[in-house]
Every structure is written in C-alpha cells, then in structure tokens.
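Notes follow the structure.
Just so it is clear, the values below take in all heavy atoms, side chains as well, and ignore hydrogens, waters and symmetry mates. Quick note on labels: first sequence line is chain A, next is B, and so on, each numbered from 1.
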Amino acid sequence: MSTVLERLDRLPRRNLTVLAIKGLSTLVPGGWHNITSADELIADVMGSNDPELISQVRARADELSKARHEGYGRALSLYDAVNRSQKAAGGLRVLANIGGALPLVKRVANLTPTSDTLQAVDLSLKVAAEMLAFTQVNGLPGDSFGDFAAALNEYAGEARVRMAALICFDALLPLGDQALERLDTLLGKAGKGDLRQLPAYAGMASMLPGRGDDAHLSFLRRGVDQWLGWAGGFTGQLALSGQKAVRALETTLGPWQGGFDQMATFLDAFTDTYQHTGVQAVARRLVERAAAEI
Amino acid sequence: MSRTLRWGLGLLLIGSLAIGAFVLLPFRSWLPGGTVADVPNSQVVNGTAFNRLFPEPDTGEQLVFTQEKRGFSEARLKRGDRVKALLAISDVTTAPAARSKFKASKSQLQGWPLVEQGAQATALLVADRFQVKVIAQGEGLDVEQRHALIGAFDLQGLAALQPGGAPRAALEPSHRDLPILEPAA
C-alpha cells in the first residue's frame, strides 16, 4: 500500500477535479493552492529548503503512515470508500440521463438512485467520514470539550475550500438552496434500504460506532445535526448558493447550460474532489507531525 | 497416492488456511506493523500527559491543540487568523534517530541540549526522552523568540513525567545512585 506522501505526489496537477476545485475556490477567501508535491509541502511547513531535513521529514512521515494505529492510512481509506461510492452513483445517473433518451435502455433510468433522500444519506455519510477521518488523523486534541471544538474549527477553517465543495456539490446543487434546512427532514425519511443502496456504506460500516443499520443511521443523523450548525454559518457567511457555485465553476470549466442537479451528477461522476482535497489535508497534518518528531 | 486422497488433502489444506486466517483476523492489531517503529504503545507516554505542559498564550494570542496521539501532542500558536508557530512535544522512544542530532549540540537551555533545524525550527531534548519543538510559520520568529517559547513550556514538569514500561526501569538505578553521590547531606 502506498504511503500518504506517495499518494500526494501522484495527485493530478491539472484535470477536471483540479479545475472544479479552482473554480469553486474563487468563492472562498484565501483561495486554494493545489499542492501535489510532498517536498514542497515539507519545505513549506519547515520553512527550510535543506534537502537533508526534507528527506528526514519524509522518512519519518512514511514510517508514521505505515503504522496502522496512527490512523493516517485509515483516514485515506475512508475518503477512498466515499469517493468510490460517489463515482458509482454518479455514473449510474449519467447513464440514466443518456438512457432516458433511448427507449431500449429506459429501464436503467428507473433503477438509478436519484431521490433526494438518497442524496441526503450520501451527504450524511460524507460528513460522518469527515468526522471519523478527523479523529483518525488528529486523535482527540486537548483536555476539554472546548479544546476539541476549537481543534475541529481549526481543521474546518484550514479545509475551507474542501468544506465549501462538500456543501455546494453535495447539498446545494443536488438538493437546492434550502438543502441544509431540509436535510434533517430528508434524513428522517431515510430507511435501512436507502443506506444499503450506497456502496460507501459497505466500506464504512465497520468504522461507524454502534451495531446494525439503525444505530448507524441515528449516528449519521446526530453527526449531521452537529455539522449543520457550522455549515449553516459558513454558508451564510460566504452567501453560498447553487447559482453562485455554478457561476464560479463556469470560470474554469466553461459555460454550463444544464440544470443544477445535472451539474451535481456530472461532478459526482467525473471528479474526485473529496478524495483529492482529503489526501492534501491528511498529508499536511502528517507532515506537521513528522516535522515535529525528527 | 490415490486421486481422491490428493484432492482431499488439497481441500483440507485450503480449508485450514481459510479457518486460520479467519481466526487470526480479530488479532490483526497485535500483528507487527501496527505501531510506529513497532514499539508497544504501553512504552510510549500518551499525548494527553503533554497538553498541560504547553506554554500559556500571551494576551491576543491563542493556543489551539491540533493533534494528540500516543507519544505526541501538537498545538498551533495563533494571533488572530495567522498561525505564528507550531508547538509540539513528542516522546522520542518511537524515533531514536531524533536523539542523535543532540549529541553534537553546543547550546543548552535550562541544562537540556538545544538544536536548530533549518532557519525556522528549534528542538530541545528533555530528560533524554522528550523532544520539545517550535517551528515558526509564515513570517517566522527569530532564534531568541523561539528559545523564549521553548523556555515557556513546563520543562520541569515534562522531565518529571513518569514514563511507563521498560524505560522506567532504566531510570530507577539513577535515582538510587543519588544518595551515594551525596552521602549524608
């Protein structure tokens, strides 16, 4: 299995994913820099270009990411599971869009999961993956709940573009501008069947606390409740909306004539935003630790 | 050997391998490679113990804890939205190589060896066991500011931490030696 920094080095410099994130990052103050080189990241954290130091940090980081208990690798497998599921679901919906036009394959269109409920469950899985990955990467920092909340806020602030992508691509575009308000109702309607339909769930089930689908579903709801408070504030602060997101994406991806939900489907099927920014976020935390330990 | 016997033996082998793998699965976390440098977690001081030893932030500054693991705790020193420095305490038990750089060290802080790493980072080795590090971020801090930050950690408290497992046994003889060095004081 490749280490976190090897994965970082292999990230694309310019493709659809990068363009989509770049476009969206115009909405977020501070912007986004696509770091795809481990050496560059280490030099940035250490504030030094000394090749000897960089190779020491790198060796330590590789050692840390190979140790299973340290959780860096586990966080990446969470992101991978979510990404695979998103691609599979997105691909099916693209097929349905094409298939809807052809009488012979119309039946495929009826099979595809497009309901709002399913989309809401998918979003809640992503939020849960984000929280689990946070504890895998950072542990439970600080001695009090206040410390922990501050750590979470710090992480979310660092991952602003990533959170904006989550909110826009997985909530506002597919579910409409009232997505965050509707989310709880939608999740209330979700049953075990909806959960089972999502491939990401199979990959994450063992890492979610509680036994059985019902326990997992209630964990997801509680997780989303926690996240909604923060996401609502963030959305209000940046005045995010589906319209704004599409306009921002048009600056890099070119003009878009379809609907918002089609844009969401397109992004789901053809980009890896979640995985891409996930690898970068984990790599930064890993390098910060390795730099402190050498 | 008859044909059926060979098949039977083959199937038996496959079956036992599968059962063996299934039985071992819950013990995966005990297999080597789970912990850093294969040092058992019980021998490493938990990062929780380090948190209270971090310096108190000045007014207008904020200390935000970012990572806490076995043998490691890290915080960011922030002024407003800007990160001034990364502060960390780590247990070098899992990183013996980190110790070697202090051998060549000439400067000291409160009696512990001090080393500069590049233009932005300073490290201190406390009690030959815990590494305290300050890595300046962004515009940076000069050497004196970094030294002052390291001095603001509770270094005595850190040196007094009781490490668990084998290293404790290594420390005990030195405690017993003390009365012999200073008899009937």
Side-chain angles (χ1 to χ4, degrees), chain A residues 1 29-30 42-54 56-57 59-74 134-144 146-155 157-158 160 282 284-294, chain B residues 28-29 31-39 41 44 46-52 54 62-76 78 81 83 85-92 94-95 97-98 101 116-121 123 131-141:
Chain A
M1 221 178 80
I42 296 171
D44 183 40
V45 169
M46 283 296 279
S48 157
N49 284 315
D50 182 0
E52 171 65 28
L53 270 182
I54 289 177
Q56 276 178 25
V57 175
R60 182 68 188 163
D62 285 347
E63 196 176 7
L64 286 171
S65 63
K66 272 183 201 140
R68 286 191 309 274
H69 286 313
E70 295 303 320
Y72 299 103
R74 230 177 266 164
F134 174 82
T135 50
Q136 288 294 334
V137 170
N138 303 301
L140 300 172
D143 289 334
S144 65
D147 280 346
F148 183 66
L152 254 178
N153 271 336
E154 176 74 14
Y155 187 71
E158 187 177 282
R160 260 200 208 125
V282 173
R284 178 166 276 275
R285 288 294 164 111
L286 174 64
V287 164
E288 282 182 0
R289 170 159 181 201
E293 286 197 341
I294 56 149
Chain B
R28 205 167 37 166
S29 56
L31 296 178
T35 52
V36 189
D38 280 335
V39 176
N41 270 342
V44 183
N46 201 347
T48 316
F50 299 144
N51 286 343
R52 60 193 165 78
F54 277 76
Q62 234 188 321
L63 195 67
V64 182
F65 286 95
T66 52
Q67 278 196 66
E68 183 189 310
K69 296 276 181 75
R70 272 269 162 190
F72 181 74
S73 184
E74 186 164 49
R76 286 184 184 174
K78 296 180 76 182
D81 274 341
V83 181
L86 304 176
L87 314 180
I89 302 180
S90 59
D91 186 342
V92 293
T94 62
K101 65 176 177 290
E116 303 295 327
Q117 291 183 302
Q120 299 274 30
Q131 181 172 211
V132 180
K133 188 167 288 192
V134 171
I135 307 173
Q137 300 286 294
E139 289 147 48
L141 306 170

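A donor-acceptor pair is defined here as one N or O able to donate and one able to accept, closer than 3.5 Å; no such pair exists between the side chain of B/Lys69 and the backbone of A/His69. Although no hydrogens or angles enter the test, the distance criterion places no donor-acceptor pair under 3.5 Å between the side chain of B/Gln67 and the main chain of A/Gly139.
Atom CD of B/Gln137 sits about 7.0 Å away from atom CG of A/Asp44, to the nearest 0.5 Å. Distance check: A/Glu293 CD to B/Thr94 OG1 gives 5.0 Å after rounding to the nearest 0.5 Å.
In terms of non-hydrogen atom pairs under 4.5 Å with chain A, the most contact-rich of B/Thr48, B/Val134, B/Ile135 is B/Ile135. Per-residue counts of heavy-atom pairs under 4.5 Å with chain B were compared for A/Gly47, A/Ala292, A/Ser48, A/Ala59; the largest is that of A/Ala292. Ranking A/Glu52, A/Gln56, A/Glu63, A/Glu288 against chain B, the residue ahead of the rest is A/Glu288, based on heavy-atom pairs under 4.5 Å.
Inter-residue side-chain proximity for B/Val36 and A/Arg60 is flagged as met; some heavy-atom pair is nearer than 4.5 Å. Between B/Lys133 and A/Ile294 there is a side-chain heavy-atom pair separated by less than 4.5 Å.
With sequence neighbours excluded, the residues satisfying salt bridge (Lys or Arg N to Asp or Glu O under 4.0 Å) with B/Lys78 are A/Glu154. Shown here are the salt bridge (Lys or Arg N to Asp or Glu O under 4.0 Å) partners of A/Asp50, two or more places apart in sequence or in another chain: there are none.
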Is there a side chain to side chain contact (heavy atoms under 4.5 Å, CB included) between A/Arg289 and B/Leu86? Walk through the geometry before answering. CA-CA 10 Å; A/Arg289 170 159 181 201; B/Leu86 304 176; over 6 Å; no

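With a threshold of 4.5 angstrom between heavy atoms, B/Ser73 does not approach chain A through any atom at all. Within the 4.5 angstrom heavy-atom criterion, atoms from both the backbone and the side chain of B/Ala95 approach chain A. For a residue to count as touching a neighbouring chain, one of its non-hydrogen atoms must lie under 4.5 Å from one of that chain's; by this rule B/Gln117 touches chain A with backbone and side chain alike.
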